[in-house]
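All remarks here apply to the structure that follows.
Numbering starts at 1 and runs along the sequence shown.
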Amino acid sequence: MKNKLFLLTLILALSFKSVLSQQTQTPIFSEVTQKVGLITEYNWKYGGPTIADLNQDGKYDLLLGNHDNTPVQLFWGGKENVFTEQKNIFPRADLHGMSAGDYDKDGDLDIVLSLGGGNGLTPQPQRLLRNDNGTFKDVTEEAGLSKMGARGRSVRWIDLDNDGDLDFLQINAAQMVHEDIPRNILFENKGDGTFAYKPSPIFEAIDAERLLITDFNNDDQLDIITFSPYSPIEFWAGNNDFTFTNKSDTWLPKELQKTNSVMTVAEFDFDNDGNLDYYLARGKSTYQMANNAVNFDENKKRLDFRDEGNKSHDRITFFASGDINLLEFFRFPRGPKKPLIPLFIGRNKIEYKMPVEVQTVTQEEAKGFPKELDKSGWYLGYKGNGEWRLEWLLKTNLAWGIRGSITGVNKIKTDWERQNLGVEDILLKNQGDHFVNATELLPKESGDNNPGIIPGDFNNDGFTDLFIYRYGKLKQREPDVLLTNHNGQSFKAALNHGATPKELRDFHGDMGAAFDYNLDGRLDILSGDEDNGSWHLYENKIENINNYILITVGNTKDNIDAYGAKVTVITKYGKQHKLIGSGSASHAQSFLNTVHFGLGKTQKIEEIKIQWRNGGTKTFKNVKVNQNLKVFE
């Protein structure tokens with residue numbers, strides 16, 4: 001299999017006359033977050049931003065979620081490439097996925113938000129915010145959407161019957177026992193500003209929380225790929241009638257048909273053969289990591305650990321020659337009363353509050369370990385000869401996860417198997433009617449805990465690269481990874497690209513988007529950092545050694561938007577194509593209708609073809625490079 005794949009990619013690369021041989025560089029990015037007015041707080045994220053031109057003025061706008069701590073933030077793209085925030089478009093809520101689309105065909109994009117359901121205790125309907133010339137009105141009730149609540153996770157605008165207007169769907173968390181409405185829900189756009197629930201039993205039973213809208217079988221009907229950290233990835237072919245057919249068994253290699261731990265999926269034609277290939281970024285969720293997970297940095301003498309917050313009793317032994325420092329003991333509160341978890345020190349169980357800031361503990365005050373553990377809490381004791389023991393007892397389900405850190409540690413010992421946080425990513429090469437496993441083309445960095453992935457030709461050489469978001473260690477950020485695509489044959493990893501926060505604080509990689517915010521022909525990166533991180537915009541500063549084309553695709557003559565439109569660019573070096581939509585997705589969906597193509601040293605584009613989802617097409621011949629071509633049917 002390996003030799004066959006190598007020969008296939010080698011022949012393909014030679015047939016394209018190796019446009020990459022002209023110039024292949026690793027792009028260098030510079031953070032411009034403050035410069036462009038993107039002021040955000042340190043807060044939790046939830047699966048990426050929504051990037052779309054909400055007011056159709058030619059500039060991308062940014063919808064940024066911060067989970068449940070602050071309201072959704074809207075930043076309008078404006079003159080001189082500066083963003084302006086419009087506050088209070090929706091109150092603070094348990095926000096998960098987002099999507100933007102013009103459901104009422106009035107020329108601006110409306111927003112749908114997915115809200116959590118309080119672990120099934122308070123199922124919430126999605127919220128529809130109608131865009132009335134920049135004023136957003138909650139029309140959930142009048143649009144007929146307020147009666148069906150769920151444990152919301154991901155929402156998507158999608159034309160499910162190809163009638164020209166946007167319907168939408170919800171992919172939600174698993175139902176609780178008492179819930180009596182479907183887990184996943186389809187809504188049909190009635191064309192009069194209202195929606196109607198559309199029963200679809202097979203879709204409603206899909207076990208997933210995230211999805212990507214795509215066209216993996218290239219039949220001009222939009223498909224979906226569903227996935228989550230907890231359930232197998234599945235490929236569903238759209239039937240244009242509010243139904244989908246599961247094609248996973250025929251498209252996926254047998255050894256990959258039960259693949260789980262998928263956090264984000266990206267579509268891209270990595271070898272320019274006309275078929276969309278897929279990168280599966282894999283890792284573990286916050287809850288999955290909260291189970292016997294340990295990091296020990298011998299150089300920094302730092303121990304970080306996480307465990308479940310369920311009813312349990314566990315322990316760890318460590319060695320320290322002197323005093324130790326406890327810091328950042330933390331839990332995700334669970335239950336209405338949210339009781340504290342105290343800390344008991346030494347044989348006599350002297351009670352402290354859970355350490356939030358640095359707290360020094362001496363060997364003398366922690367001397368001995370209690371014979372009986374009778375209350376929920378942390379128990380810390382010094383046993384002599386440099387040996388310490390930390391135990392935690394939870395007599396009921398008190399948290400969604402607990403964590404802590406200790407410094408001054410020389411060595412650790414566990415009597416249980418430590419969790420391996422790394423999960424190997426997967427590259428699927430599309431053969432037209434099935435996928436082959438091309439993971440061997442990826443570097444070792446693809447085996448980390450990777451929650452996000454975004455595709456884009458960051459060096460404009462004609463082949464799509466990838467940017468991987470790495471979760472990092474339990475309490476330490478690690479640089480994200482740029483994978484430059486070399487001739488569709490291999491990917492080379494770079495860490496010195498500049499698109500990771502300079503201060504590697506305690507937050508982690510999550511998800512982002514690749515788009516040209518200043519329309520200079522070079523793809524930039526917006527990133528959101530998990531675990532109380534912030535949003536960052538990185539401008540692509542690569543020297544202008546290669547050419548490009550930007551193609552802004554508007555509506556058809558009968559006012560059908562560009563979702564799902566296919567854009568093909570042909571030069572003497574070969575053919576590239578992209579599907580207009582999000583490019584990659586976790587919980588949020590973008591609408592990237594200004595499509596970017598790198599062209600290498602190509603001086604002229606032989607042909608550009610746009611095909612909208614209604615079948616309408618438009619073709620351009622002998623197109624100049626290095627411009628933003630604006631196209632309507």
Side-chain angles (χ1 to χ4, degrees), residues 46-66 71-78 83-86 88-90 93 95-115 126-140 143 145 152-160 165-171 187 189 193 195 210-213 222 454 511-517 526 528 535 552-555 559-565 579-595 613:
Y46 208 98
T50 292
I51 310 300
D53 185 0
L54 297 176
N55 55 5
Q56 299 292 284
D57 67 348
K59 291 276 192 176
Y60 279 128
D61 310 302
L62 317 178
L63 277 169
L64 308 181
N66 286 304
V72 59
Q73 291 183 278
L74 167 60
F75 288 89
W76 295 103
F83 292 94
T84 302
E85 183 178 7
Q86 179 172 331
N88 303 319
I89 69 166
F90 190 76
L95 175 66
H96 294 161
M98 303 178 290
S99 185
D102 185 8
Y103 82 92
D104 54 3
K105 294 188 175 184
D106 67 349
D108 50 25
L109 305 189
D110 313 292
I111 301 169
V112 63
L113 306 175
S114 179
L115 305 186
Q126 65 296 310
R127 294 298 193 275
L128 177 60
L129 306 183
R130 190 180 66 208
N131 185 352
D132 295 335
N133 295 317
T135 299
F136 291 88
K137 181 181 179 181
D138 188 339
V139 295
T140 305
L145 300 172
R153 290 298 182 267
S154 303
V155 285
R156 300 288 186 268
W157 292 111
I158 178 174
D159 189 351
L160 289 164
D165 54 25
L166 291 174
D167 314 295
F168 74 88
L169 58 83
Q170 298 182 62
I171 291 281
F187 290 97
N189 189 336
F195 293 83
R210 315 174 189 210
L211 75 157
L212 175 71
I213 296 174
L222 291 177
I454 54 176
M511 184 52 179
F515 63 104
D516 188 356
Y517 91 94
L526 176 71
W535 293 93
T552 299
V553 181
N555 292 4
N559 207 23
I560 293 175
D561 60 80
Y563 261 123
L579 187 73
I580 291 182
S582 202
S584 62
S586 176
H587 287 294
Q589 176 188 29
S590 292
F591 179 33
L592 303 174
N593 67 317
T594 295
V595 192
R613 65 176 184 269

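Every residue meeting the ring-ring contact (aromatic ring centres under 6.0 Å, His included) condition with Tyr103, not counting sequence neighbours, appears here in chain and number order: Trp157, Phe195.
When all heavy atoms are compared, the tightest approach of Ser154 to Leu211 is CB-CD2, 3.8 Å. Across Asp102 and Leu166, no two heavy atoms sit closer than the pair N-CD1, 3.7 Å. Gly48 and Ala588 make their closest contact through O-CB, 3.5 Å (heavy atoms, listed as atom of the first residue, atom of the second, distance). Contact detail for Ala100 and Ala52: the closest heavy-atom pair is CB-CB, 4.0 Å. Asn593 and Ala562 get closest at one heavy-atom pair: CB-CB, 4.4 Å. The two residues His587 and Arg156 come nearest to each other via the heavy atoms O-NH1, 2.7 Å.
More than 12 heavy-atom neighbours from other residues, nucleotides or ligands sit within 6.0 angstrom of CG on Asp132.
One distance of note links CG of Asp159 with CG of Asn189; it measures 8.5 Å at 0.5 Å rounding. Here the straight-line distance linking atom CH2 of Trp76 with atom CG of Asp57 works out to 8.0 Å at 0.5 Å rounding. Rounding to the nearest 0.5 angstrom, the gap separating the CG atom in Leu129 from the OG1 atom in Thr140 is 6.5 Å. If you take CG on Leu145 and CZ on Arg127, they are separated by 10.5 Å, rounding to the nearest 0.5 Å. In this structure, CZ on Arg153 lies 4.5 Å from NE2 on His96, to the nearest 0.5 angstrom. The distance from atom CD1 of Ile454 to atom CE of Met511, rounded to the nearest 0.5 Å, is 7.0 Å.
Under the 3.5 Å distance criterion, the side-chain polar atoms of Ser582 are matched with a main-chain donor or acceptor of Ser590. A donor-acceptor contact shorter than 3.5 Å links the side chain of Asp53 to the backbone of Gly58. With hydrogens and angles disregarded, a donor-acceptor distance shorter than 3.5 Å links the side chain of Asp167 to the backbone of Leu160. Gln589 places no side-chain N or O within donor-acceptor distance of the main-chain N or O of Ile213, the cut-off being under 3.5 Å.
The shortest side-chain heavy-atom distance between Ile111 and Thr50 does not fall under the 4.5 Å cut-off. Contact check for Asp108 versus Asn133: side-chain heavy atoms found under the 4.5 Å cut-off. Put simply, the side chain of Ser99 does not reach to within 4.5 Å of the side chain of Phe168, judged on heavy atoms.
With Ile51 as the partner, the side-chain contact (heavy atoms from CB on, under 4.5 Å) test is satisfied by one option alone out of Leu63, Leu526, Asp61: Leu526.
A centroid separation of less than 6.0 Å is found between the aromatic rings of Phe591 and Tyr563.
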Legend entry - From CA spacing to verdict: side chain to side chain contact (heavy atoms under 4.5 Å, CB included), Leu95, Leu115: CA-CA 5 Å; Leu95 175 66; Leu115 305 186; 4.2 Å; yes

Inset, instruction - Output, in order, the C-alpha distance, side-chain angles, deciding distance and verdict of side chain to side chain contact (heavy atoms under 4.5 Å, CB included) for Asp104 and Asp110. - result: CA-CA 8 Å; Asp104 54 3; Asp110 313 292; 3.1 Å; yes

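Note on Asp561 versus Arg613: salt bridge recorded, some NZ/NE/NH1/NH2 to OD/OE distance being below 4.0 Å.
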